[in-house]
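Worth knowing before you read on, the calculation uses all heavy atoms, side chains too, and leaves out hydrogens, waters and symmetry mates. We count ligands from 1, going down the list as the structure has it; atoms in each ligand are counted the same way.
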Amino acid sequence: MASTKKVKELQQRREEVLLGGGEKAIQKQVAMGKLTARERIVALLDEGSFNEYDLFVEHEARDFGMEQKVLHGDGVVTGTGSIGGKPICIYAQDFTVAGGSLGSMHARKITKIMDHSLKMRIPLIGINDSGGARIQEGVSSLAGYGEIFFRNTLASGVIPQISVILGPCAGGAVYSPALTDFVFVVDKISKMFITGPEVIKTVLGEEISMEELGGARVHSEITGNAHFFAETEAECFDQIKELLSYIPRSNSEPVEKIKVAEPDKKYSISRIVPADKKMPYDVRDVIRSVTDSSDFQEVQAKWAANIVIGFGRIDGKTVGFVANQPKVLAGVLDVDSSDKCGRFIRYCDAFNIPLVTLVDLPGYLPGVDQEHAGVIRHGAKVLYAYSEATVPKITVILRKAYGGGYIAMNSRHLRADFVFAWPDAEVAVMGPEGAANIIFRKEIAAADDPDKMRQQKVDEYIEKFANPYVAAAKGFIDSVIEPKETRSVLIHALGVSVNKSIGIPQKKHGIPPF
Ligand code: HXC
């Protein structure tokens, strides 16, 4: 039995470390509207499940007077616990201790828990709140970041990696979140940038606030670096819990099946999509009309909103949805939406999550801006990601499927397992007006009444091509279905695809158009 004296000493040591950077620093943290590192962990994890390690780690800095400083836990809290009963590894940087700056021992604590999560094949959650590389430790802190980035890359596609930005995440530190699967940000609290306002002022003479440069809204709406935006830390933790309920613990485990409930009757699938091809609608209503309980967790909701991606369940099993959004830019594919869905498709494929693609788009966005921004290279990511994916891949063409958009959105030609189309679907090289203007240009110009002739040719084109039956006749579409049959058809198709097994040519890895 441990002696009472030794137990007391342990208790005292623990108490000291648990004070973090001390009362004053904690007050400063609270004044910024932030929880402390341990409070965050307690709020996120299942009650009483957290086990902390390396509490007594000490820093090794010996310059700039650091040798006299005590940095409790070296500014980072690490451990294991569970969320919704699922085991996880976690680290949370403690801003109250030297601004959560990353020195060599701080980095070693993080890499140790990262190694643990990879070995144990369980998700890793990193809460970032730090001034970046600890300046006094020089190259040792840079080395620490390098070790983290290497592990992020090694674990990519093996275990889920989640980054939560709850304070500054400055300089090279941003690259760990950027290498992970999902980045969560909170309004007014998260700040991410490579070069901060001070550097920008010195080098460029421009004044900008941290919020304008790299606040939560900037990364959710402009850069696409963040996947989930929350108003508060509590909302952010709920979002993480929801996400973990959809994804598996690792790439070698199936997602658990959750109890099934029918979609909410308020999403009446037959009435969501207008017959008029030019009328917009919200494709998320179509998604909610087929998912269990009409639940849908959207990813990157405010960035590249012309495509919708996210998770839902069908018959209790997680599905990754990719859907053109007709109410934003008519649902076109462009540089950002291609990046957005290409990466998501690869995520789902890596973690064995079947894909359901809902198609309604006029094609790729035309224009000099897009061409010069590299729409060829970025657009190719969609083709690559769908072609490469070996998970069950099901497509439903709701309305328009024109041109390259038809091919890119998980067509049969990229090896969709099942392609369904609603009766209003149009599969064609382009829309009827554009097509008639090109192929009947001479007849229209020579006619006594060009407008009448144009309309006649448009009608002819619609009659001939603007339907799903030409593609169905060639077997490119497997079945033309009524909208109300969609959920049951999806349940069936997903059910028969459970043991899907296909090979790919032997290779080290492909070379996707990054
Ligand atoms: C050492 C640091 C630190 C750092 C903050 N602190 N950042 N100590 N190294 N990088 C310390 C402060 O000295 C202070 O200590 C305490 O943390 C709290 O910091 P404050 O500045 O008082 O807090 P606040 O006003 O909230 O400002 C937060 C901040 C600011 C915006 C993050 O501290 C800041 O700009 N820090 C430097 C950011 C940066 O440029 N980092 C290096 C990036 S380069 P005391 O003792 O006074 O409480 C990089 C390279 C990595 O990271 C490359 C990898 C490839």
Side-chain angles (χ1 to χ4, degrees), residues 19-37 58-77 91-111 114 126-153 163-180 185-186 188-204 207-216 218-219 225 233:
L19 277 176
E23 205 45 52
K24 219 169 126 202
I26 292 174
Q27 274 171 13
K28 195 177 158 198
Q29 180 86 347
V30 173
M32 286 189 281
K34 304 197 293 185
L35 295 175
T36 64
E58 290 176 10
H59 74 85
E60 292 184 331
R62 294 293 171 264
D63 299 311
F64 303 105
M66 288 295 285
E67 58 277 18
Q68 275 125 47
K69 285 198 178 168
V70 176
L71 302 181
H72 287 139
D74 205 13
V76 63
V77 180
Y91 70 85
Q93 293 178 309
D94 183 351
F95 194 82
T96 69
V97 178
S101 57
L102 183 138
S104 62
M105 291 310 292
H106 177 124
R108 241 187 273 175
K109 280 180 74 171
I110 293 178
T111 52
M114 291 177 86
I127 299 182
N128 295 257
D129 186 2
S130 161
R134 186 172 300 147
I135 297 160
Q136 300 91 326
E137 292 202 34
V139 71
S140 297
S141 30
L142 299 183
Y145 276 118
E147 293 291 334
I148 293 171
F149 302 158
F150 177 81
R151 284 168 174 81
N152 284 137
T153 309
S163 296
V164 196
I165 315 298
L166 295 181
C169 182
V174 296
Y175 283 115
S176 175
L179 287 166
T180 61
V185 291
V186 175
K188 308 213 169 54
I189 288 179
S190 313
K191 314 273 185 284
M192 281 176 95
F193 41 77
I194 299 272
T195 51
E198 286 300 324
V199 178
I200 291 179
K201 196 171 165 196
T202 312
V203 178
L204 303 170
E207 299 251 7
I208 188 160
S209 70
M210 276 203 269
E211 188 65 33
E212 288 170 309
L213 180 63
V218 169
H219 290 303
N225 287 327
E233 294 197 19

Enquirer: Under 4.0 Å, heavy-atom basis, I'd like to know which part of Glu198 is in contact with ligand 1: side chain, backbone, both or neither.
Expert: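 Neither; no heavy atom under 4.0 Å.
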
Enquirer: For the side chain to side chain contact (heavy atoms under 4.5 Å, CB included) test, which of Thr202, Leu204, Val203, Ile200 pairs with Thr195?
Expert: Ile200

Enquirer: Would a search of protein heavy atoms around atom 30 (C) of ligand 1 find one under 4.0 Å away?
Expert: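 It does not: no protein heavy atom is found less than 4.0 Å away from atom 30 (C) of ligand 1.
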
Enquirer: Do me a favour and list the nearest non-hydrogen protein atom to atom 28 (C) of ligand 1 with residue, atom name and distance?
Expert: Phe95 CZ, 3.7 Å

Enquirer: Considering only heavy atoms of Gly172, which atoms of ligand 1 have at least one such atom less than 4.0 Å away?
Expert: 49 (C), 50 (C), 51 (C), 52 (O), 53 (C), 54 (C), 55 (C)

Enquirer: I'd like to check which ligand 1 atoms, numbered from 1 as shown, lie under 4.0 Å from a non-hydrogen atom of Leu142.
Expert: 50 (C), 51 (C), 53 (C)

Enquirer: Short question: side chain of Thr96, backbone of Ala25 - any donor-acceptor pair under 3.5 Å?
Expert: no

Enquirer: Give me the residue, atom name and distance of the protein heavy atom closest to atom 9 (N) of ligand 1.
Expert: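 Atom 9 (N) of ligand 1 sits closest to the protein heavy atom Ile135 N, 3.1 Å.
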
Enquirer: Can any side-chain N or O of Asn128 pair as donor or acceptor with the backbone N or O of Gly126 at less than 3.5 Å?
Expert: yes

Enquirer: Taking atom 12 (C) of ligand 1 as the reference point, report whether a protein heavy atom occurs under 4.0 Å from it.
Expert: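 It does not; no protein heavy atom is within 4.0 Å.
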
Enquirer: Roughly how far apart are Leu19 CG and His72 NE2, rounded to 0.5 Å?
Expert: 7.0 Å

Enquirer: Strictly distance-based, threshold 3.5 Å: is any side-chain N or O of Ser176 a donor or acceptor partner for the main-chain N or O of Ala173?
Expert: no

Enquirer: Can you confirm whether more than 12 heavy atoms, excluding those of Glu198, are under 6.0 Å from its CD atom?
Expert: no

Enquirer: Report the nearest protein non-hydrogen atom to atom 22 (O) of ligand 1: residue, atom name, distance rounded to 0.1 Å.
Expert: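 Protein heavy atom with the smallest distance to atom 22 (O) of ligand 1: Lys28 NZ, 2.9 Å.
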
Enquirer: Looking at atom 38 (C) of ligand 1, is any protein heavy atom nearer than 4.0 Å to it?
Expert: yes

Enquirer: Any idea which part of Ala98 is under 4.0 Å from ligand 1, heavy-atom wise: side chain, backbone, both or neither?
Expert: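 Backbone only.
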
Enquirer: Quick one: does Lys191's side chain have a donor or acceptor within less than 3.5 Å of a partner on Lys188's backbone?
Expert: yes

Enquirer: Closer than 4.0 Å to some heavy atom of Arg134 - which atoms of ligand 1 meet that?
Expert: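 Under 4.0 Å from Arg134, ligand 1 has these atoms: 1 (C), 9 (N).
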
Enquirer: Looking only at heavy atoms of Phe149, does any of them come nearer than 4.0 Å to an atom of ligand 1?
Expert: yes

Enquirer: Heavy-atom distance from atom 48 (O) of ligand 1 to the protein below 4.0 Å?
Expert: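 No, there is none.
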
Enquirer: Identify, by atom number and element, the atoms of ligand 1 in contact range of Ala133, meaning under 4.0 Å from any of its heavy atoms.
Expert: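 Those of ligand 1 that fall under 4.0 Å from Ala133 are 4 (C), 9 (N), 10 (N), 49 (C), 50 (C), 51 (C), 52 (O).
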
Enquirer: Without swapping roles, check the side chain of Ser141 against the backbone of Arg134 for a donor-acceptor pair under 3.5 Å.
Expert: yes

Enquirer: What pair of heavy atoms forms the shortest contact from Gly33 to Ile189, and how long is it?
Expert: O-CD1, 3.5 Å

Enquirer: If we ignore hydrogens and angles and just use 3.5 Å, is the side chain of Gln29 paired with the main-chain N or O of Phe95 as donor and acceptor?
Expert: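 No; judged by distance alone, with no hydrogens or angles, the pair does not exist.
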
Enquirer: Protein heavy-atom contact under 4.0 Å for atom 7 (N) of ligand 1?
Expert: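 At least one protein heavy atom is under 4.0 Å away.
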
Enquirer: Students should be able to answer this: which protein heavy-atom is nearest to atom 46 (O) of ligand 1, and at what distance?
Expert: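 Checked against all protein heavy atoms, atom 46 (O) of ligand 1 sits closest to Lys69 NZ, 4.3 Å.
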
Enquirer: Mark up the atoms of ligand 1 that fall under 4.0 Å of a heavy atom belonging to Ala170, in ascending order.
Expert: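 Close to Ala170: 52 (O).
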
Enquirer: Among all protein heavy atoms in this structure, tell me which lies nearest to atom 14 (C) of ligand 1, with the distance rounded to 0.1 Å.
Expert: Gly99 N, 5.0 Å

Enquirer: Of all the non-hydrogen atoms in the protein, which one sits nearest to atom 42 (C) of ligand 1, and at what distance?
Expert: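 The answer is Gly131 O, 3.6 Å.
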
Enquirer: State if Lys191 counts as touching ligand 1 under the rule of any non-hydrogen atom under 4.0 Å.
Expert: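 Flag not set, Lys191 not near ligand 1.
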
Enquirer: Of all the heavy-atom pairs spanning His59 and Met66, show the shortest one and how long it is.
Expert: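 Looks like CE1-O, 3.1 Å.
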
Enquirer: Can you name the atoms of ligand 1, numbered from 1 with element, that are less than 4.0 Å from a heavy atom of Met210?
Expert: 31 (C)

Enquirer: Using a strict cut-off of 4.0 Å, indicate which atoms of ligand 1 neighbour a heavy atom of Gln136.
Expert: 1 (C), 9 (N)

Enquirer: Where is the nearest protein heavy atom to atom 44 (S) of ligand 1: which residue, which atom, and how far?
Expert: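 Going by distance alone, atom 44 (S) of ligand 1 is nearest to Gly171 CA, 4.2 Å.
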
Enquirer: Does Gly196 come within less than 4.0 angstrom of ligand 1, counting non-hydrogen atoms of the residue?
Expert: no

Enquirer: Tell me whether Phe149 at atom CZ has more than 12 heavy atoms from other residues, nucleotides or ligands lying less than 6.0 Å away.
Expert: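 Enclosed: over 12 neighbouring heavy atoms sit under 6.0 Å from CZ of Phe149.
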
Enquirer: After noting the C-alpha distance and the side-chain angles of Asp74 and Lys109, does the key distance pass the salt bridge (charged side-chain N to carboxylate O under 4.0 Å, His left out) rule?
Expert: CA-CA 9 Å; Asp74 205 13; Lys109 280 180 74 171; over 6 Å; no

Enquirer: Can you sort out which atoms of ligand 1 are near Ser101, meaning under 4.0 Å from one of its heavy atoms?
Expert: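 Contacts of ligand 1 toward Ser101, numbered from 1: 1 (C), 3 (C), 4 (C), 8 (N), 9 (N).
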
Enquirer: What distance do Tyr175 atom OH and Thr153 atom OG1 have between them, rounded to the nearest 0.5 Å?
Expert: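 Here the rounded value is 13.0 Å.
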
Enquirer: Determine yes or no for a side-chain-to-main-chain donor-acceptor pair under 3.5 angstrom, with Gln93 supplying the side chain and Gly75 the backbone.
Expert: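 Looks like no, no N/O pair under 3.5 Å.
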
Enquirer: Does the protein come close to atom 33 (O) of ligand 1 - that is, does one of its heavy atoms sit below 4.0 Å from that atom?
Expert: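 Flag for atom 33 (O) of ligand 1 set to false, no protein heavy atom closer than 4.0 Å.
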
